[in-house]
Amino acid sequence: MKSPLASLLWRSLRVYQVFGANTDVGKTIFTTLLARTAKKQWKDEHVNFLKPVSTGAGEEADDRHIARFAPGVSRSTLYQYDIPCSPHTAALVSGRPIPSDEAFLAKCRAFATQCAAKDNGWLFMETAGGVHSPGPSGKTQADLYIPLRAPTLLVGDSRLGGISQTISAFESLRIRGYDVESVLLFKDNTYENYRYLAEYFKDNYGIPVSSLSVPPERDESPQRDEEAMQKYYERKDCEEVARQVLGLLHVNHSNRLSALDSMATKASQHIWYPFTQQSLVGPKEIMTIDSAHGDYFQTLAPSAPGNNTSAEAPVLRSSFDASASWWTQGLGHSNPKLTLAAAYAAGRYGHVMFASAIHQPAMALAETLLKGMQNPRLSRVFYSDNGSTGTEVAVKMGLRAARLRYDWGTDQKLGILGLKGAYHGDTMGAMDCAEPGIYNEKIEWYEGKGYWLDYPTVLCRNGEWSVTVADSLKESFGSGRAYATLNDIFDVEAREASGEHVIYEDYITSTLETLRAQGRKFGALMLEPIVLGAGGMEFVDPLFQRTLVNVVRRSPHLFGTATQPTSADDPNEWSGLPVIFDEVFTGLYRLGRFTPSSFLGVHPDISVHAKLLTGGLVPLCTTLASENIFKMFLSPDKTDALLHGHSYTAHPIGCQVALESVKEMQGMEERGAWDWAQARGWKGSEGQPPEQHKVDVWSTWPRELVESLSRLTDGVIGAWALGSVLAIHLKDSAGSGYSSNAALGLRERLNAGRTGGESGPWNVHSRVLGNVLYVMASQMTSEESVKQLSELLMESINKGARRQTDALSAVPRR
């Protein structure tokens, strides 16, 4: 099984990729000059040339040119197609198998690895045609080569129209995260593009432009042509330009390594990290990220900075982003579609104020979300910046609606009804919506305002899916119940028809009656549907949450005496309490569906969406609300309005990126992009065909993996998977919870990863929630990546179990 691709960076090897602003601009001539000059200047070093894909007659291939005019330079062409056209067309008509992008890039890296093994040297990788010429698969080269993250040389176009062509090519590369270190082009005295471009790139980007005299015209005589080119390459002015460029590249390579080596130390001295006890974190524990692409960071390998590392050892390793960058990354890091959406909105709007204004990105996103939710209650969209402020907006909406409905005064203390362990953000108001815990109880202004119910959870234990009941609830709920499949647990209508919900109804009703007798008043019911994220990745029994919403809605007498009764003509008007769903973590396909509320068969009056909303690129949050709740804020008095907002409310960049992100995920669902995951044992059980199930429940993570994990009884309590999330609950004799260290050993073994083969070293960067380790795929994660991760995960857990067994066997017996 191939390992994930690591970027191209070695201490011994200076790798540079050569792009052209267009075809026939002189890429090979510039590359040849640089290669032969490097061979002459660094006599004891190896110089290498790679043409990943070449089209046209083999005798005219670029590596042949290198052989003639840069003797001693190691050269290779990976894919040669005889037809002189775009690589994707040439590959198609060749009749040969078309390599996947992954296989194509892996061969590029394999060649670079061989070059690095030769001790110090250079590698110049020359692309085909222009920046956006398609590679063999059809993906444009600007997108194709992103994962390699090699610093770049851009050969500009000296011909008529070349100024525009060169700047456009540069912008295409820069917007995709390429470091263009120098621009090279010919001194065409007719158009003198080099004069304008030298000033343009220096003034705007500080990038030097180097120019050469135009090479001789091709001679009909091969011998005379070769002699003329040989004289051209030997010219002192050509060699001097090449020396200057190589000197710059050499210095830049050293500076890049130095910056990476020192960054963690500097960070430990100047950065104040979130969610981190920095007394326990030193430079060795700080991950240095050089770049990111797809599901992976490119991070500084732990042995790289000054630890007697051999020169040919890779500096970077590929690190799977198992927390999806705090649950935001859904469509891959540096996704070109999202990047271009951000650039478009930045270029068209920048940021514009939003009060009493509208722009297309905000309008289109609001319409897309309301339609996608398929919730007849929701009609309004309020924009904010992140999930924490979005939930505060939701609470303000709910409290106002309840106060006016029940005619409570503004001095009446209102609380939130929710679940134990819930988490809704770190701003002061959001913290007050959660019970005292690790995130808030030491905060000086914290004042928990609410009541939080116990609940049953779902877990796969010893290969069996079950609803698990905590000891404190066994008197009310019994000891739990096993189910044949996860689908059966989610078939809430069937479970309701069989009366399973009655025991939940009794518990909830009794609790609410007690709270009413105590004089407690509440302004909203707020839930994280299905999964409590930061509260410990607790998978709540969907039937319990469904029952809780239904009991609250049909029991307004348990909350107050309504002076504004609900309208019999509006079935979507809220009753009892406004129901808020915090979908910041679980929404937008995280659990396999657009909204997790569809699992419960109930619609919230207010819902909050962030994280996957923008695919992990920029902050944005939306709070969706019903028309009835919106009208609670209408008045001739401005002070009755929802006076909430921030400077970047509905910023066009965020809205445009979110629109692209949501539409892309909807398109993936329509195209069946997750069929491979849905077909792997999640639908149905042995002897029971999938069509007999009313509920469509699936996960990126194989069912067999989850059940295998759950059978590791030595160290595992149980596991669950849904959508892109996999959670492993580990045993801790000292108890579970955020302060547990039970998952740290597994996290460290995943972090150690593998040294890798030709694709480079790789590991898994994960985070833990006490005794729970979770691994999160993106909506773009491939089946191959899931297999790799599953294999490493099982190995790491088994390795930990063996260590524990060895340690116990070493204890002296009496």
Side-chain angles (χ1 to χ4, degrees), residues 324-331 338 361-375 377-398 422-425 427 430 433 524 526-534 578-600 602-626 629-630 644-646 648-651 653-666 669 723-725 778-779:
S325 284
W326 272 339
W327 314 345
T328 62
Q329 195 278 109
L331 293 175
L338 301 189
M363 192 69 253
L365 177 59
E367 292 175 335
T368 299
L369 287 175
L370 290 172
K371 182 178 180 181
M373 288 293 292
Q374 297 183 23
N375 180 345
R377 293 174 180 259
L378 302 178
S379 63
R380 297 281 174 171
V381 178
F382 191 98
Y383 286 102
S384 59
D385 60 336
N386 61 56
S388 186
T389 55
T391 56
E392 291 200 2
V393 171
V395 170
K396 284 186 176 182
M397 292 175 177
Y423 168 89
H424 302 290
T427 51
C433 294
M526 184 155 64
L527 303 174
E528 295 173 80
I530 309 298
V531 177
L532 274 62
V579 175
I580 301 171
F581 277 6
D582 175 356
E583 299 189 21
V584 170
F585 168 53
T586 60
L588 299 174
Y589 296 104
R590 176 81 68 198
L591 303 183
R593 292 187 177 186
F594 191 94
T595 169
S597 64
S598 62
F599 285 120
L600 305 178
V602 293
H603 294 299
D605 304 294
I606 304 168
S607 63
V608 187
H609 307 269
K611 303 292 187 186
L612 287 179
L613 179 62
T614 62
L617 188 59
V618 289
L620 188 74
C621 183
T622 59
T623 303
L624 281 55
S626 70
I629 287 176
F630 169 76
H644 190 109
H646 66 106
Y648 283 86
T649 295
H651 60 111
I653 297 172
C655 291
Q656 189 69 48
V657 170
L659 181 63
E660 184 71 38
S661 176
V662 173
K663 285 188 172 181
E664 178 64 19
M665 288 187 287
Q666 288 177 319
E669 182 180 36
S724 58
V725 186
S778 72
Q779 280 44 58

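Not measured: the values here are computed from a predicted model.
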Do the non-hydrogen side-chain atoms of [X] and [Y] ever get within less than 4.5 Å of each other?
{"X": "Met397", "Y": "Pro578", "value": "no"}
{"X": "Lys396", "Y": "Val393", "value": "no"}
{"X": "Ile629", "Y": "Ile606", "value": "yes"}
{"X": "Val725", "Y": "Phe585", "value": "yes"}
{"X": "Leu369", "Y": "Val662", "value": "yes"}
{"X": "Pro604", "Y": "Ser597", "value": "yes"}
{"X": "His424", "Y": "Ser388", "value": "no"}
{"X": "Glu583", "Y": "Val608", "value": "no"}

Let me confirm one number: the [atom1]-[atom2] distance from [X] to [Y], rounded to the nearest 0.5 Å.
{"X": "Phe599", "Y": "Thr586", "atom1": "CZ", "atom2": "OG1", "result": "10.0 Å"}
{"X": "Ser379", "Y": "Met373", "atom1": "OG", "atom2": "CE", "result": "12.5 Å"}
{"X": "Tyr648", "Y": "Asp385", "atom1": "OH", "atom2": "CG", "result": "11.5 Å"}
{"X": "His644", "Y": "Ser384", "atom1": "NE2", "atom2": "OG", "result": "6.0 Å"}
{"X": "Ile653", "Y": "Leu338", "atom1": "CD1", "atom2": "CG", "result": "13.0 Å"}
{"X": "Met363", "Y": "Glu367", "atom1": "CE", "atom2": "CD", "result": "4.0 Å"}

Atom of [X], atom of [Y] and distance for their closest heavy-atom approach:
{"X": "Met665", "Y": "Leu331", "answer": "CG-CD2, 3.9 Å"}
{"X": "Cys655", "Y": "Tyr383", "answer": "SG-CE2, 3.9 Å"}
{"X": "Ala524", "Y": "Ile580", "answer": "CB-CD1, 3.7 Å"}
{"X": "Ser626", "Y": "Leu378", "answer": "N-CD2, 4.0 Å"}
{"X": "Glu392", "Y": "Ala430", "answer": "OE2-N, 2.9 Å"}
{"X": "Gly533", "Y": "Trp327", "answer": "C-CH2, 3.7 Å"}

Check your understanding: side chain to side chain contact (heavy atoms under 4.5 Å, CB included) between Cys433 and Val395: does it pass, once the steps are laid out?
Key -> CA-CA 9 Å; Cys433 294; Val395 170; 3.6 Å; yes
Which pairs would a plain distance check flag for residues 610-624, meaning a side-chain donor or acceptor within less than 3.5 Å of a matching protein atom at least two apart in sequence or in another chain?
unit_1: Lys611; atom_1: NZ; unit_2: Trp326; atom_2: O; d: 3.3
unit_1: Thr614; atom_1: OG1; unit_2: Val618; atom_2: O; d: 2.6
unit_1: Thr623; atom_1: OG1; unit_2: Gly390; atom_2: O; d: 3.0

Check your understanding: After noting the C-alpha distance and the side-chain angles of Leu370 and Val381, does the key distance pass the side chain to side chain contact (heavy atoms under 4.5 Å, CB included) rule?
Key -> CA-CA 8 Å; Leu370 290 172; Val381 178; 3.9 Å; yes
Practice item. Evaluate the side chain to side chain contact (heavy atoms under 4.5 Å, CB included) criterion for residues Leu659 and Thr368: first the C-alpha distance (whole Å), next the side-chain angles of each, then the deciding distance (0.1 Å), finally the verdict. Key: CA-CA 8 Å; Leu659 181 63; Thr368 299; 3.4 Å; yes
Practice item. For the pair Tyr589 and Phe594, name the ring-plane relationship: parallel under 30°, tilted 30 to 60°, perpendicular over 60°. Key: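 Tyr589 vs Phe594 ring planes: perpendicular.
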Point to revise | Derivation and outcome, side chain to side chain donor-acceptor pair (under 3.5 Å), residues His609 and Ser607 | key: CA-CA 7 Å; His609 307 269; Ser607 63; 2.8 Å; yes
Check your understanding: Okay, side chain of Arg377, backbone of Asp605: is any donor-acceptor separation there less than 3.5 Å?
Key -> no
Exercise for review: Could you go through the side chain to side chain contact (heavy atoms under 4.5 Å, CB included) check for Val584 and Glu528 one step at a time?
Suggested key: CA-CA 8 Å; Val584 170; Glu528 295 173 80; over 6 Å; no
Revision key, fill the gap. Hits for side chain to side chain donor-acceptor pair (under 3.5 Å) against Ser325, two or more places apart or cross-chain, chain-then-number order -> Asp321
